[in-house]
Structures are given as C-alpha cells and as structure tokens.
Number of protein chains: 2
Amino acid sequence: MDDETAPQKGTVTQRAIERIKAMIAEGGLEPGQRLPTERDLAAQLGISRSSMREGIRALTVMGVLEARHGSGIYVSRLEAGDLLETFGVVADLSRGPRLVELLEVRRILESTATALAAARITVDQLAEVERHLAAMNATDDPEEILAHDLAFHREIAAAAGNETMAAILEGLSSRTFRARVWRGFQEEGAFARTRREHAAIHRALAAHDPEAARAAAAAHVGEVEEWLRARLGP
Amino acid sequence: MDDETAPQKGTVTQRAIERIKAMIAEGGLEPGQRLPTERDLAAQLGISRSSMREGIRALTVMGVLEARHGSGIYVSRLEAGDLLETFGVVADLSRGPRLVELLEVRRILESTATALAAARITVDQLAEVERHLAAMNATDDPEEILAHDLAFHREIAAAAGNETMAAILEGLSSRTFRARVWRGFQEEGAFARTRREHAAIHRALAAHDPEAARAAAAAHVGEVEEWLRARLGP
DNA sequence: TGCTCCGGGGTGGTCCGACCACTGTGCTGG
DNA sequence: CCAGCACAGTGGTCGGACCACCCCGGAGCA
C-alpha cells in the first residue's frame, strides 16, 4: 500500500508547516510549550533540517512559533496580538483602492469599538485617554502628535474589551499606514479638525454614551476615508 | 563609518524579509513582477542562499511572493485575498474566549457587509444568493449544507463591494472554524432556526432594506456567538 | 552552608556545496 | 512551417559544518 511513504503533495516544507499547525490545532501542543529540536523535528518528518527550518521560520513570522536562540522553539501564547501582527503587513503593502477599503473596515471596527468602550470604560482608562488627548494638544511636533494619536485610539480599543478587535485595529493603524495617509492630509489644514474630533470622542466616552461615541468615531475615520477616496477618484 | 557593513540588527533572514517588503512598499517592485534569482538576491544582500530562502518562504506563506518551480519568484497580485489568506490561520488556532471575540468581530463586519449588500446587490447576484439558499434547504447532508452556507455568505460579502472585507470574512468563516463551532451546535436542534435566519437575510436583500439586512445578519451570527459564550461561561 | 563564577553541552543561526525536479526556450529535424 | 527534443536556468531538497548563544551544573570561594 501507499499510506506511509507515498503522499508527496506539495513541497515538503509546506507539509511540515501543515503538520505543526495541525499539532497545535488539535491540542497536541499547548501555548508556551517547547517543541523538539529542529534536528529532531526534521528526523520525525523525514525531511532535511533546511526544509524544516524554512517551515519553522514561516510559522515564526506568522507569530505561531517563537524561536529562542540557544534555548529552543516554543509555541507562542497564541493570543490575538501575536497572530495578527502580520495584519500590519497588509496595510503596509496595500495601495490605491485597497487603502480605501482598509479604511472602511477600520471605520466600521473603530466606531463599534468606541461605542463598546463608552459603555465599559473605567475611570482609570478614561484618565489615560485624557492624558493622551492633552499631550496631543500640547505639542506641535507631528511625530509626537502621531504617537499620542495612536495611543489614544489604542487605549479606547483596549477599553472595548475585545483583544482580537484591538489587535486588528492596531494593525490597521500601524505606523507606516498612518504616516502615509497623514502626509499630505494634515498639510491641507485639517489638523484642528482632528483635534475637535478627538475631543468629541472623548466627550462621548466621558458621558458613557455609546451612540454618540459610535458617531464621533465613524466621522473621525470617515473624514480621512473620504479625503483619500476623493484623492484617488478622478 | 559604519553605514555599509556594520548594522547587524536581528537575524539576517529577518533583515532580508524587511528589505524585500520595503522594496515592494516603496514601489520598486510591482505586482506580478519577477524577482532576481534566489542566488542573486542572496549575493545582493550578502547572505547565504539558505537564509535568503527562509525569508522568501516566509513571504511566500504570507502571500506576498509567489515561487514557481523552474521559473522564478514573482510578486503576488497583492490583492486582499492573497494577503489575508493567513487570517484563516488565526481562526484555526484560536480557542476559548478568543473564539468568542472572533465571532464578535465577524458579527460586526458581517452585519455591515450585509447592509451594504442590501443597497448594492444586483439581480444576478441576488439570484446566486437564492440558488445557494434553495440548495441549502433541499438537502440534509451536513457537508453540503455547510458548503452552501459558506457560499451564501460569500456571495453577500462580494455584493458589498469591499474585497478586503470579503477576504477577512472569508478567513473568519474558514472551513475548520465553522466546522468546529457547528459540531455540537446543530445537534441541539438549532438547525431550522438557521434556515429561518437565512431566509430573513434574503428577504432583506431582496427588499433592498439595509437596516433589516443588518439586523438579520447580526442576529444570525449573534445566535452562534451567544451559544458559544454560554458554553464557555460557567 | 551559601554564593559566585565559569565551563561545557545543547540549541538555534548561518553558511556552503551538491544534486534533483521542473520550466522555458531555442534549435533541430522532419 | 511546425512538432519534438535537448539544454540551460530556476526553485526545491539535502547533508554537513561551523558559529553564537543560553542554560545548567559543578568547582571554588567566602
């Protein structure tokens, strides 16, 4: 028969990746657990260490595994942030119409997250949001403003209580993505407007008003979205 | 000086990945374009072919590059579906509370997508949706039902006109994900209910009523979400 | 007894060279 | 002119070697 040696579908590396993923999905490998050596794994699957390393590297980049030099290979915590890190790559590599689509997705998620945050935010979290809001208004250094802008939204996403959503939004708002969209946007003087919108979001949060928060956040992201859409349109 | 030979931050493979990503992001590499040979690329970056291969493999798995045996390495089309394929891995590997979070994200996106679809769907697309709805009601084979269920939602997502959102939803509804949640869910007899919900979604689409569509879709996903949440709760 | 230091074994990271499998192309022969 | 083939070039796989790093345990000291 041919059930032991013959399969041979796709590249050996691809098979190795599937095998490891399957092990984790089926519960054979727990988060944080240490895997066998590269050499042992390669021997187990009957492939060379080189091919096995390619597979491991791929899973490492995806955030599924974590290789510690001199120590061993471990299964990552498998939490949202780890796995969705690659999501940022999508934002970095998207152009043209795809950028508008990404912004639309962000608008939907960000407005919902802000609405959730309005209902659930604690006084401590609200204070942190206010801190970033104030810091953003106190400086004129674009770099610093952007940092506090990101932190502002990150804090809100965290307050929404859905780590997965927060991780996705983090990827959609990655440095490069934001920087690219911003450059040229704020130059048209739509800068004070951003501050007003942030203030509106904060007011809704402080008032624990989900609907107002949703509207404010949607308008905030939609602002950039519309500008970008118009810029690519004709 | 040390700007040419010294850097040495992180692993060489990681640097190689960043270099290629940067080339694409900065427009030096167009979608579909062919890259230099593995051997040439390795020489250009001053690293071994093995390390370069690991980097290429990682980018291949992420859907950024596409390697054709005997032909060469090419930049992928860089469209939503290519890059967000790894999103399905997240769903496959998520467990426990994370599953509920993913379902919550899906509920938000799916309801919005369905609302958009209600406003934009064409007669041809609506006919396709009806076809899957009928096929799903005509059989009792779980496998076939699941296939038409997926196609039903996929068609709606496509009608929403946002490829990126459709790609994300595709990942969130991946075979494995759905299969795992479904197993044990339909056993509790919540099967006719699914058919009723699909019918409600279809009615809203046919009536071009976005708000009704949003509500129907949210209820549909929320059904599974609540069941799963209760199952993990106590 | 307890601490510090250091040495070695084991691990991932990198490199090299060879060969295989497949593809594309240009040449050859009809 | 076309069909078929041979060949050079490409990614895919392999095995081995060496390096850089981490961890642990034993030796030595206080």
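Please read these numbers as outputs of a predicted model, since none were measured by experiment. Numbered from 1 within each chain, the chains take letters A, B, ... in sequence-line order.
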[X] side chain, from C-beta outward: closest of [options]:
X       : options                : value
B:Val12 : D:dC23, D:dG12, C:dC15 : C:dC15
B:Arg39 : D:dG12, D:dC22, C:dG12 : D:dG12
A:Ser71 : C:dG12, D:dG12, D:dC22 : D:dC22

Just the rounded figure in Å: distance from [atom2] of [N] to [atom1] of [X].
X       : N      : atom1 : atom2 : value
B:Ile17 : C:dT14 : CD1   : P     : 10 Å
A:Glu54 : C:dG12 : CD    : C1'   : 16 Å
B:Glu38 : C:dC20 : CD    : C1'   : 14 Å
A:Ile56 : C:dG13 : CD1   : P     : 8 Å
B:Arg34 : C:dG24 : CZ    : C1'   : 10 Å
A:Arg15 : D:dT13 : CZ    : C1'   : 11 Å

| Any side-chain heavy atom of B:Leu169 within less than 4.5 Å of one from B:Arg106? |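 Yes; the side chains approach each other to less than 4.5 Å.
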
| B:Leu78 vs A:Arg95 side-chain heavy atoms within contact, under 4.5 Å |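 Result yes, sub-4.5 Å side-chain heavy-atom pair found.
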
Do any N or O atoms from the side chain of [X] and from the backbone of [Y] form a donor-acceptor pair under 3.5 angstrom?
X        : Y        : result
A:Ser76  : A:Gly63  : yes
B:Gln125 : B:Thr122 : yes
A:Thr139 : A:Asp141 : yes
B:Ser111 : B:Ile108 : yes

| Who are the salt bridge (charged side-chain N to carboxylate O under 4.0 Å, His left out) partners of A:Arg53, not counting sequence neighbours? |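 Listed in chain order: A:Glu38, B:Glu54.
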
| said: Just to be sure I understand the rule, does A:Ile73 reach a base, reach only the sugar-phosphate, or reach nothing, if contact means heavy atoms closer than 4.0 Å? | reply: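 Result for A:Ile73 = sugar-phosphate.
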
| Residue mapping more 5' on DNA chain D - nearest nucleotide basis, A:Thr13 or B:Gly70 |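 Going by which nucleotide is closer to the 5' end, it is B:Gly70.
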
| What residues in residues 42-52 of chain B put a non-hydrogen atom under 4.0 Å from any atom of DNA chain C? |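 Result for residues 42-52 of chain B: B:Ile47, B:Ser48, B:Arg49, B:Ser50, B:Ser51, sorted by number.
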
| Looking at residues 59-69 of chain B, who's got a heavy atom less than 4.0 Å off DNA chain D? |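 Hits under 4.0 Å, by residue number: B:Ala67, B:Arg68, B:His69.
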
| task | Ignoring hydrogens and angles, state whether a donor on the side chain of A:His153 or A:Glu110 is under 3.5 Å from an acceptor on the partner side chain. | result |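 Present: a donor and an acceptor within the cut-off.
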
| CZ of A:Arg68: more than 12 outside heavy atoms within 6.0 angstrom? |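 Enclosed: over 12 neighbouring heavy atoms sit under 6.0 Å from CZ of A:Arg68.
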
| A:Arg53 side-chain N/O to D:dT13 phosphate OP1/OP2 under 4.0 Å |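 Checking A:Arg53 against D:dT13: no side-chain N or O falls below 4.0 Å of OP1 or OP2.
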
